[in-house]
Amino acid sequence: MFLSLRAEVEDAVAEALTALSLPTDDLGIEQPPDGVDAVLASSVAFRLAEEVGAPPPKVAADIAAEIDAEPYDYIDAAVGQGPYVNFLPSEQYLADTLETAQADDYGHLPDRDTSVVLEHTSANPTGPVHVGRARNPIVGDALARVLEYAGYDVERHYYVNDAGRQIAVFTWAYETFDESDLPDPDRDSPEYEMVRYYRKGNDYLESADDDAVEAAEAEIAAILQGLEDGDEETYERVAEVVDTVLSGMTETIGRLPAEFDEFVKETQFMRDGSTDDVVQRLKELDCAVYEEDAWQLDLPDFEKNLVFLRADGTSLYTTRDLAHHEWKFEHFDRAVTVLGEDHKLQADQLSSTLELLGHDTDQLEQVFYSWVNLPEGGMSTREGTGVDLDDLLDEAIDRARAEVEDRMADRLRDDDLDEDDLDRIARQVGIGAVRYDIVSKQPTKGITFEWERALDFEAQSAPYVQYVHARCCGILDDAGDVDTDAVDPSALEASEAAALLREIARFPAVIEEAAEDHRPHVVATYTRSLAETFNSFYRECPVLDADKETRAARVALVGAARTTVANALDAIGVDAPTSM
RNA sequence: GGGCACGUAGCUCAGUCCGGAAAGAGCAUCGGACUUCUAAUCCGAUGGCCGUGGGUUCAAAUCCCACCGUGCCCGCCA
């Protein structure tokens with residue numbers, strides 16, 4: 001409804017300006033601050049004051065007077081208020097919002113008939129997922145959900161780097177060292193067992209004597225060469241390591257939850273010849289140069305050349321990624337990638353090169369986030385420094401469980417939570433808190449990991465919003481059967497109820513904004529604001545004890561609040577508990 | 001050295017893209033509200049030269065320039 005209202009307001013302002021022979025290039029539509037009755041406003045009078053030769057309040061009043069609300073469904077009136085033209089919503093707006101918002105699919109925008117491939121995480125399959133890279137699956141999955149809400153047809157991809165030196169080292173180490181020489185794994189899970197070989201191998205390369213290292217390097221080089229030559233046996237050796245490690249990582253990421261539709265392997269683009277094909281076309285480019293036995297691109301906007309073929313004739317990560325992206329463009333309308341800020345330069349070079357190859361890079365969008373660091377520095381799989389995501393999630397669940405048990409004694413609601421409920425709530429709240437904490441911040445801001453902060457369940461966190469959902473469910477449970485179809489929204493005249501309905505009405509616009517700008521955190525901000533508005537309503541407006549007509553309207557409003565909270569949380573991937 | 005990102009209350013952050021109605025939350029501190037639809041809640045108080053200095057504008061946390069601080073990047077690594 002909000003989106004329709006906004007369209008009507010834009011139309012009304014443009015019409016009025018045209019009638020007054022004023023320019024319509026900037027309508028100045030904005031949302032008024034709290035405490036103003038209007039839902040939308042225009043500040044256009046400021047800009048027109050000089051042209052008209054009258055002070056802004058006079059101009060605003062004239063524009064308001066020119067607007068006839070009659071033909072509009074959702075505008076009740078346009079009123080001049082100081083220098084602003086304020087728009088009051090109609091009964092119809094409130095009634096339609098109340099009805100639409102109770103539907104399970106509230107917040108889903110119409111299908112756009114546009115396919116989007118969203119690549120996120122793509123962490124090298126070298127070991128357990130640590131907190132340093134945890135922002136990627138959380139932001140990526142939330143963005144995928146938001147895009148789906150916005151009507152896009154989304155596929156989630158994990159690009160598997162299975163052709164790099166690290167993986168060759170890993171494969172060599174796995175085949176070389178014996179398990180009896182390794183420490184016990186931190187967890188009984190494949191990636192924790194496997195990473196021991198990786199770390200052992202890297203240690204060996206750093207500390208063994210020169211001859212031994214040289215021999216090892218020869219074996220590693222042979223693996224890389226085998227991949228480049230398309231040797232089937234080498235692929236299988238590497239795949240055993242990669243698939244095993246990846247299976248464990250996938251399971252950890254799945255706890256967030258974040259799932260993938262496809263794991264796209266880098267080697268795919270070596271085996272199908274597309275990397276060779278890209279290389280041929282890159283050589284034809286005007287900026288292609290052959291220097292020091294290597295093929296490079298002298299990209300106009302970059303200081304250094306981009307090497308795309310090594311002196312030994314092998315391809316590089318970026319070369320394969322070019323083939324990967326051409327494949328994406330072939331199969332999808334748009335491609336979005338969530339990347340660490342350390343990949344910014346590489347991503348810009350990729351984009352420029354794709355442009356030179358004749359692709360429309362408007363369809364490629366990148367979202368960057370900064371790494372989560374420890375107070376003492378970055379996290380590293382190879383060095384084994386860092387906090388494992390599994391440990392963080394386990395600790396979050398443990399603490400959430402302790403909270404629930406703590407509150408059991410003086411719990412007011414008499415609904416007999418059993419052991420299964422306890423497990424469920426601990427998991428929903430614990431994981432929700434971790435996820436919400438990350439998804440609610442702008443990804444470009446730096447985060448330093450601290451246990452206490454990451455596990456803070458106080459207000460402005462997931463449990464605060466989840467609690468509102470549980471409260472709604474509680475009220476609806478007790479309300480029994482209420483005919484919410486023929487409810488008169490004018491029964492919601494209490495200001496807290498009206499404010500809640502207006503906040504609910506914004507949800508589709510929030511989804512639209514988050515999807516267009518690729519900023520899922522605005523949805524998190526919205527859930528908090530919605531929860532606050534609900535809590536004010538909850539305090540001031542009794543639902544079950546109200547007179548019949550008010551009761552029905554308020555039950556409908558709580559129903560609308562429940563679906564809105566549930567769907568807004570769903571859009572950022574946080575569970576909505578039915579009881580807490 | 002160059003490029004990019006970030007800098008808002010003691011702490012953690014919204015708001016910045018697209019300039020407009022007294023700068024908003026939470027935590028912390030202090031003071032209130034549970035015989036009431038769930039107190040993981042609510043109400044109130046305290047706390048801000050929006051990094052600094054210029055500029056543009058009727059209007060700047062928001063746009064432009066310079067500077068300072070922090071992080072990331074500048075491999076024939078990924």
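Values in this document were obtained by computation on a predicted structure and should not be read as measured data. The sequence lines fix the lettering, A, B, ..., with proteins before strands; numbering per chain opens at 1.
Residues from residues 368-378 of chain A lying near RNA chain B, meaning a heavy-atom separation below 4.0 Å, are absent.
The side chain of A:His469 contributes no N or O atom lying less than 4.0 Å from OP1 or OP2 of B:U41. Listed pair A:Arg528 / B:A14 fails the phosphate criterion, with no side-chain N or O lying under 4.0 Å from OP1 or OP2.
The A:Gln346 side chain lies nearest to B:A78 when the options are B:G7, B:A78, B:C37. Residue A:Arg471 has its side chain nearest to B:U41 when only B:U41, B:G75, B:A78 are considered. Considering only the side chain of A:Leu316, B:A78 comes nearest among B:G15, B:C13, B:A78. Distances were taken from every side-chain heavy atom of A:Arg310 (C-beta onward) to each of B:A21, B:U16, B:C77; the shortest belongs to B:C77. Closest to the side chain of A:Arg519, from the set B:C76, B:C42, B:G15, is B:G15. Comparing atom distances between the A:Tyr464 side chain and each of B:C6, B:A40, B:C42 picks out B:C42 as nearest. Listed candidates were B:A21, B:C43, B:C74. Nearest to the side chain of A:Ser536 is B:C43. Minimum atom distance to the side chain of A:Tyr538 is reached by B:A39, of the listed B:C43, B:A39, B:A40. The A:Lys441 side chain lies nearest to B:C13 when the options are B:C37, B:C13, B:A21. Nearest nucleotide to the A:Ala294 side chain, out of B:C76, B:G71, B:A78: B:C76.
Among the atoms of the strands shown, base atoms are found under 4.0 Å from some heavy atom of A:Ile425. When heavy atoms are screened at a 4.0 angstrom cut-off, A:Gln466 is found touching no nucleic acid atom at all. A:His343 comes within 4.0 angstrom of a base, heavy atoms only. Contact annotation for A:Asp517: base contact, defined as any heavy-atom pair under 4.0 Å involving a base atom. Using a 4.0 Å heavy-atom criterion, one finds that A:Glu513 contacts the bases of the nucleic acid, with or without backbone contacts as well. Contacts of A:Gly446 with the nucleic acid, taken as non-hydrogen atoms under 4.0 Å apart, involve only primed sugar atoms and P, OP1 or OP2. Residue A:Asn86 is in base contact, counting any heavy-atom pair closer than 4.0 Å across all strands shown. Contact annotation for A:Arg47: base contact, defined as any heavy-atom pair under 4.0 Å involving a base atom. When heavy atoms are screened at a 4.0 angstrom cut-off, A:Arg407 is found touching base atoms of the nucleic acid. Residue contacts shown for A:Thr318 are absent, as no nucleic acid heavy atom lies under 4.0 Å away. At a threshold of 4.0 angstrom between heavy atoms, the contacts of A:Phe302 with the nucleic acid are absent. No engagement by A:Ala524 is indicated, since no non-hydrogen atom pair under 4.0 Å with the nucleic acid exists. Heavy atoms of A:Phe46 sit under 4.0 angstrom from at least one base atom. Within the nucleic acid shown, A:Cys541 comes within 4.0 Å of at least one base atom, counting heavy atoms only.
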*Dot-bracket, RNA chain B: Watson-Crick or G-U, under 3.5 angstrom, [ ] crossing, | other strand?*
(((((((..((((......[...)))).(((((.......))))).....(((((..]....))))))))))))....
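With RNA chain B read from its 5' end, the first of the two nearest nucleotides for A:Glu403 and A:Glu303 is the one closest to A:Glu303. Residue-to-nucleotide proximity on RNA chain B shows that, of A:Gln442 and A:Ala470, the 5′-proximal contact is made by A:Gln442.
Nucleotides B:G7 and B:U16 place their P atoms 12 Å apart, quoted to the nearest Å. Distance noted for atom C1' between B:C49 and B:A23: 13 Å (whole Å). Using P as the reference atom, B:C11 and B:A28 are 16 Å apart when rounded to the nearest Å. Nucleotides B:A25 and B:U36 have their C1' atoms positioned 28 Å apart, rounded to a whole Å. For the P atoms, the distance from B:A45 to B:G69 is 40 Å, rounded to whole Å. Taking atom P in both B:C43 and B:G24, the straight-line distance is 16 Å, to the nearest Å. Across the P atoms, B:U12 and B:U57 are found 37 Å apart, a figure rounded to whole Å. B:A78 and B:G54 have their C1' atoms separated by 43 Å, with the value rounded to a whole Å.
You'll find a donor-acceptor pair under 3.5 Å spanning the side chain of A:Gln460 and the base of B:A25, going by distance alone. Donor-acceptor pairing under 3.5 Å, judged by distance alone, is absent between the side chain of A:Asp456 and the base of B:A40.
Aromatic ring orientation, A:Tyr526 versus A:Phe507: parallel (interplanar angle below 30°, classes split at 30° and 60°). Using cut-offs of 30° and 60° for the angle between ring planes, the A:His324 and A:Tyr159 rings count as parallel.
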*Give the C-alpha distance, both sets of side-chain angles, the deciding distance and a yes or no for salt bridge (Lys or Arg N to Asp or Glu O under 4.0 Å) between A:Arg399 and A:Glu452.*
CA-CA 11 Å; A:Arg399 293 205 194 187; A:Glu452 290 312 315; 3.4 Å; yes
*In sequence, state the C-alpha distance, the side-chain angles, and the governing distance for A:Asp478 and A:Arg413, and then conclude on salt bridge (Lys or Arg N to Asp or Glu O under 4.0 Å).*
CA-CA 11 Å; A:Asp478 295 345; A:Arg413 192 176 176 81; 3.4 Å; yes
*Determine, step by step, whether A:His120 and A:Val139 satisfy the side-chain contact (heavy atoms from CB on, under 4.5 Å) criterion, reporting the C-alpha distance in whole Å, the side-chain angles of both residues, the deciding distance to 0.1 Å, and the verdict.*
CA-CA 8 Å; A:His120 72 81; A:Val139 171; over 6 Å; no
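When atom types are taken as modelled, the side chain of A:Asn373 and the backbone of A:Thr448 share no donor-acceptor pair closer than 3.5 angstrom.
Of the N and O atoms on the side chains of A:Asn202 and A:Glu206, not one donor lies less than 3.5 Å from an acceptor on the other residue. If you check the side chains of A:Arg310 and A:Thr314, you find a donor sitting under 3.5 Å from an acceptor. Neither side chain, A:Glu496 nor A:Tyr538, offers a donor N or O lying under 3.5 Å from an acceptor on the other. Looking at A:Arg502 and A:Thr533, their side chains never bring a donor and an acceptor atom within 3.5 Å of each other.
At a threshold of 4.0 Å, the pair A:Glu503-A:Arg506 counts as salt-bridged, since one of the basic side-chain nitrogens sits closer than that to a carboxylate oxygen.
Other residues, nucleotides and ligands contribute over 12 non-hydrogen atoms within 6.0 Å of the CD atom of A:Glu291. A:Glu549 CD: 12 or fewer foreign heavy atoms inside a 6.0 Å radius.
Rounded to an integer number of Å, the gap from CZ of A:Arg165 to P of B:C76 is 15 Å.
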